[in-house]
Protein chains: 2
Amino acid sequence: MVYSEQHSDGALLKGRTFDPDIAKFVATIRKRFSFSEAEAERLSERITLTTVYDREEFLVREDERIHFSSLIIEGYAARAKYNEDGSRQITQLQIPGDFVDLHSYPLEVLDHSIVALTSCTIAKLHHTDISELIDHDPRMARILWFSTMVDAAMHREWIQNIGSREGKARIAHLICEIHARSEVVGLADNGTFDFPLTQTQLGECLGFSQIHVNRLLRQLREDGYLTFKEKIITIHKRDELCDLAGFDPNYLYLTKRSS
Amino acid sequence: MVYSEQHSDGALLKGRTFDPDIAKFVATIRKRFSFSEAEAERLSERITLTTVYDREEFLVREDERIHFSSLIIEGYAARAKYNEDGSRQITQLQIPGDFVDLHSYPLEVLDHSIVALTSCTIAKLHHTDISELIDHDPRMARILWFSTMVDAAMHREWIQNIGSREGKARIAHLICEIHARSEVVGLADNGTFDFPLTQTQLGECLGFSQIHVNRLLRQLREDGYLTFKEKIITIHKRDELCDLAGFDPNYLYLTKRSS
DNA sequence: CGAGGGGTTGACGTTGTTCAATGAGCGTGG
DNA sequence: CCACGCTCATTGAACAACGTCAACCCCTCG
């Protein structure tokens with residue numbers, strides 16, 4: 001086994017010692033994508049040391065030409081597009097275990113910004129390293145391409161959510177999505193998970209005003225679907241909440257692919 | 001030159017004769033992506049004969065496992081997600097020259113349906129052929145990946161449009177997008193272009209009711225921005241319309257890439 | 001102790017939906 | 001040929017969803 005020996009400081013190794021955060025990250029994404037051990041090691045050794053970003057700090061700015069992709073180790077980030085009046089639309093939430101902004105590899109210049117919503121621990125992977133990984137291993141190209149296409153699928157679901165669902169169903173759907181994604185990476189426990197967004201940030205995801213978000217959350221609480229206190233959500237009636245939201249997790253492609 | 005000799009029936013050839021529709025399609029996408037002539041030929045010879053779909057007929061149904069990708073030769077199609085009540089949200093419009101549903105290659109099973117909005121002429125490319133193209137030519141993989149990432153960028157713009165813009169600006173933005181995309185593939189002439197959608201279909205793109213679309217279009221007409229008669233739009237005040245919409249075409253990545 | 005960010009609540013205005021009725025165009029069958 | 005049924009577009013009126021403004025709370029941090 002590649003990652004069987006546990007270092008005293010938490011790092012996993014096989015001859016080589018990786019940053020414990022990075023080892024954990026790679027182990028996490030291996031749950032979703034079928035990396036071989038050799039692939040996982042080749043990936044790990046190219047991921048560079050972690051950086052911490054403050055809340056509301058930009059990881060990438062729109063129109064910027066960048067040469068690396070970011071991976072979230074800890075914290076919440078978002079893809080966001082800024083409006084002319086200074087407000088913004090969040091188009092996707094990124095949680096620990098996400099390859100954020102792999103999009104910048106084929107696109108070269110991003111059409112949107114990446115911003116930390118909480119303080120974030122980030123690791124980086126240079127585009128030249130991605131090219132080398134892909135050249136050595138066409139299967140890696142498929143995995144990375146697949147990963148970005150899941151982001152596109154999430155975008156489509158958000159379009160449907162914002163365009164077709166109203167009020168309680170819309171906010172419930174977002175909560176169901178984050179719960180399902182958190183669960184897969186081991187960040188949800190029996191319906192309880194961290195949800196560190198403010199009501200304003202929630203509104204920026206959903207196209208609602210902060211005040212409307214407040215009222216909708218109160219209704220979900222009063223209806224007994226969930227509690228949401230101190231940045232922690234507990235879902236009490238999961239099936240009913242998914243039903244209210246019209247939530248079907250297929251679009252997240254969470255089950256491991258065979259290929 | 002590969003495509004210099006013109007056949008009597010309109011096909012272009014170099015030893016080999018391609019379907020004239022396919023030759024035209026490949027010539028069109030070569031305006032956007034930097035294919036070499038050899039690449040263009042390898043692609044052309046793998047694209048199979050065209051099929052015609054009726055209005056509102058499905059090219060692909062959600063959850064279906066398919067083994068080919070579709071290319072639009074003529075007509076309008078859409079990515080759509082169906083709601084529980086039978087209504088639907090359109091998440092992207094596809095016009096002639098688009099690789100539609102290349103997403104199904106890495107995803108294998110689609111999270112959404114592809115439906116013809118008008119009668120459509122479609123060509124197909126088998127997934128096995130895509131794999132062969134990519135294996136022979138890693139640059140082709142980048143081009144195809146890039147193409148799907150532009151779709152993701154359009155999705156993000158739509159999220160912003162539906163989530164942040166209201167009324168006239170929202171519908172104006174969609175019109176600006178289709179105009180810009182039509183122009184690139186030679187389907188717009190000095191602000192005039194085919195726009196064969198019904199008001200109902202427009203509403204399904206924008207998250208508006210058909211009745212509201214009707215009223216908004218009337219306002220745009222009354223304000224002198226455009227005329228829209230018999231499925232043809234003519235934009236009279238392009239700069240003002242883009243300004244109203246907050247439209248910036250960067251997200252379409254229309255300019256030819258160097259790589 | 002004061003300032004600032006986040007949450008809560010009420011009153012009121014705007015945007016967009018629903019229901020309903022009408023007309024124009026088009027293909028089909030008598 | 002016209003009558004019909006259909007789809008699409010148009011318009012009005014009542015209603016619901018959501019935003020804005022304003023006031024107030026609590027908490028944290030300097």
Side-chain angles (χ1 to χ4, degrees), chain A residues 54-57 76 83 85-90 116-119 161-174 194-223 226-233 244, chain B residues 54-57 76 83 85-90 115-119 161-175 194-223 226-233 244:
Chain A
D54 285 340
R55 185 171 183 284
E56 294 297 333
E57 192 177 348
Y76 268 51
N83 301 313
D85 65 359
S87 67
R88 68 180 174 195
Q89 177 68 45
I90 292 176
L117 296 182
T118 66
S119 77
N161 198 33
I162 298 174
S164 298
R165 280 188 271 267
E166 59 179 28
K168 288 197 283 185
R170 195 138 122 208
I171 199 162
H173 190 280
L174 179 62
D194 272 21
F195 193 78
L197 299 207
T198 65
Q199 293 179 349
T200 302
Q201 290 168 336
L202 262 171
E204 290 166 340
C205 296
L206 297 165
F208 285 141
S209 65
Q210 174 268 322
I211 290 155
H212 199 55
V213 168
N214 180 293
R215 290 194 240 265
L216 293 171
L217 284 175
R218 177 161 59 118
Q219 288 183 51
L220 290 181
R221 254 186 281 119
E222 286 174 355
D223 293 348
L226 49 80
T227 52
F228 184 7
K229 256 188 302 201
E230 287 158 7
K231 311 296 181 195
I232 294 173
I233 287 181
L244 169 69
Chain B
D54 285 339
R55 184 170 184 286
E56 294 297 332
E57 193 176 349
Y76 268 51
N83 302 314
D85 65 0
S87 67
R88 68 181 173 194
Q89 177 68 44
I90 292 176
V115 58
L117 296 183
T118 67
S119 78
N161 198 33
I162 297 174
S164 297
R165 281 188 270 266
E166 59 179 30
K168 289 196 282 187
R170 195 137 120 207
I171 198 163
H173 190 280
L174 179 61
I175 290 168
D194 271 19
F195 193 78
L197 298 208
T198 65
Q199 293 179 352
T200 302
Q201 290 168 336
L202 261 170
E204 289 166 339
C205 295
L206 297 165
F208 285 141
S209 66
Q210 175 268 324
I211 291 154
H212 199 54
V213 168
N214 180 294
R215 291 193 239 267
L216 294 170
L217 283 175
R218 176 160 59 117
Q219 288 183 50
L220 290 181
R221 255 186 280 119
E222 287 174 355
D223 293 349
L226 49 80
T227 53
F228 184 7
K229 256 187 302 202
E230 287 157 9
K231 312 294 181 198
I232 294 173
I233 288 181
L244 169 68

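All chains are named by letter (A, B, ...) in the order of the sequence lines, taking the proteins before the strands, and each is independently numbered beginning at 1.
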**Q** Which nucleotide in the list C/dG6, C/dG16, D/dA9 gets nearest to the side chain of A/T198?
**A** C/dG6

**Q** On a heavy-atom basis, which atom in A/F208 and which in A/V213 lie closest, and how many Å separate them?
**A**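 In terms of heavy atoms, the two residues are closest at CB-CG2, 3.9 Å.
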
**Q** Per the side-chain contact (heavy atoms from CB on, under 4.5 Å) rule, which among B/I233, B/T227, B/I171 passes with B/L220?
**A**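 For B/L220, the side-chain contact (heavy atoms from CB on, under 4.5 Å) test succeeds with only one of B/I233, B/T227, B/I171, which is B/I171.
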
**Q** Hey, does A/G207 reach any base, or is it just sugar-phosphate, or nothing, if we go heavy atoms under 4.0 Å?
**A** sugar-phosphate

**Q** Measure CG/B/L202 against C1'/C/dT17 and give the value in whole Å, please.
**A**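 These atoms are roughly 17 Å apart.
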
**Q** Could you tell me whether the phosphate oxygens of C/dT8, OP1 or OP2, come under 4.0 Å of any side-chain nitrogen or oxygen in A/N214?
**A**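 Answer yes for this pair, as a side-chain N or O of A/N214 is under 4.0 Å from OP1 or OP2.
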
**Q** So if I take every side-chain heavy atom of B/E166 and compare against C/dG16, D/dC18, D/dT10, which nucleotide ends up nearest?
**A** C/dG16

**Q** For nucleotides 18-28 of chain C, read 5' to 3', which letter fits each nucleotide if B means a protein heavy atom sits under 4.0 Å from the base, S means only the sugar-phosphate is that close, and - means neither?
**A** BBB--------

**Q** Over all heavy atoms of both residues, which pair between A/A169 and A/L244 is shortest? Give the atoms and the distance, please.
**A** CB-O, 3.4 Å

**Q** Does B/R55 make a side-chain N or O approach to OP1 or OP2 of D/dC8 shorter than 4.0 Å?
**A**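 So the side-chain polar atoms of B/R55 do come within 4.0 Å of the phosphate oxygens OP1 or OP2 of D/dC8, strictly under.
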
**Q** Just N and O in the side chain of A/Q210: are any of them under 4.0 Å from OP1 or OP2 of D/dG19?
**A** no

**Q** Between A/Q89 and A/I162, is any pair of side-chain heavy atoms under 4.5 Å apart?
**A** yes

**Q** Could you give the angle between the helix axes at the two ends of the helix from C/dC1-D/dG30 to C/dG30-D/dC1, with five pairs per end, rounded to 10 degrees?
**A**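 That helix has its two terminal axes inclined by roughly 30°.
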
**Q** Would you mind building the protein contact string for nucleotides 24-30 of chain D? One character per nucleotide, 5' to 3', B for base within reach (heavy atoms under 4.0 Å), S for sugar-phosphate only, - for untouched.
**A** -------

**Q** Calculate, to the nearest 0.5 Å, the distance between atoms NE2 and CD belonging to B/H212 and B/Q210 respectively.
**A**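 The CD atom of B/Q210 is 12.0 Å from NE2 of B/H212, to the nearest 0.5 Å.
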
**Q** Please report the distance, rounded to the nearest Å, between CZ in A/F208 and P in C/dT14.
**A**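 Value for this atom pair: 21 Å.
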
**Q** Within less than 4.0 Å of OP1 or OP2 of C/dT8, is there a side-chain N or O belonging to A/R221?
**A** yes

**Q** Once you round to the nearest 0.5 Å, how far does CG of B/L206 lie from CG of B/L216?
**A** 8.5 Å

**Q** Just to be sure I understand the rule, does A/K231 reach a base, reach only the sugar-phosphate, or reach nothing, if contact means heavy atoms closer than 4.0 Å?
**A**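 Answer is sugar-phosphate: A/K231 comes under 4.0 Å of backbone atoms only.
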
**Q** Where is the tightest heavy-atom contact between A/C205 and A/L174, given as atom of each residue plus distance?
**A**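 Closest approach of A/C205 to A/L174: CB-CD2, 4.0 Å.
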
**Q** Would you please say whether a donor-acceptor pair under 3.5 Å links the side chains of A/Q201 and A/E56?
**A**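 A/E56 and A/Q201 do have a side-chain donor-acceptor pair below 3.5 Å.
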
**Q** CG of B/L216 versus C1' of C/dG16: gap in Å, rounded?
**A** 9 Å

**Q** Rounding to a whole Å, what distance do you find between B/E230:CD and D/dA9:P?
**A**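 Rounding to the nearest Å, CD of B/E230 and P of D/dA9 are 12 Å apart.
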
**Q** Run the salt bridge (charged side-chain N to carboxylate O under 4.0 Å, His left out) test on A/E222 and A/R218 for me, step by step, so that the C-alpha distance in whole Å, both residues' side-chain angles and the decisive distance to 0.1 Å come before the verdict.
**A** CA-CA 6 Å; A/E222 286 174 355; A/R218 177 161 59 118; 3.7 Å; yes

**Q** Got A/T198 and A/R55 here, is their nearest side-chain heavy-atom distance under 4.5 Å?
**A** yes

**Q** So do the side chains of A/K168 and A/D223 get within less than 4.5 Å of each other, counting heavy atoms only?
**A** yes

**Q** Which pair of heavy atoms, one from B/T118 and one from B/Y76, lies closest together, and at what distance?
**A**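 The pair with the smallest heavy-atom distance is OG1-N, 3.0 Å.
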
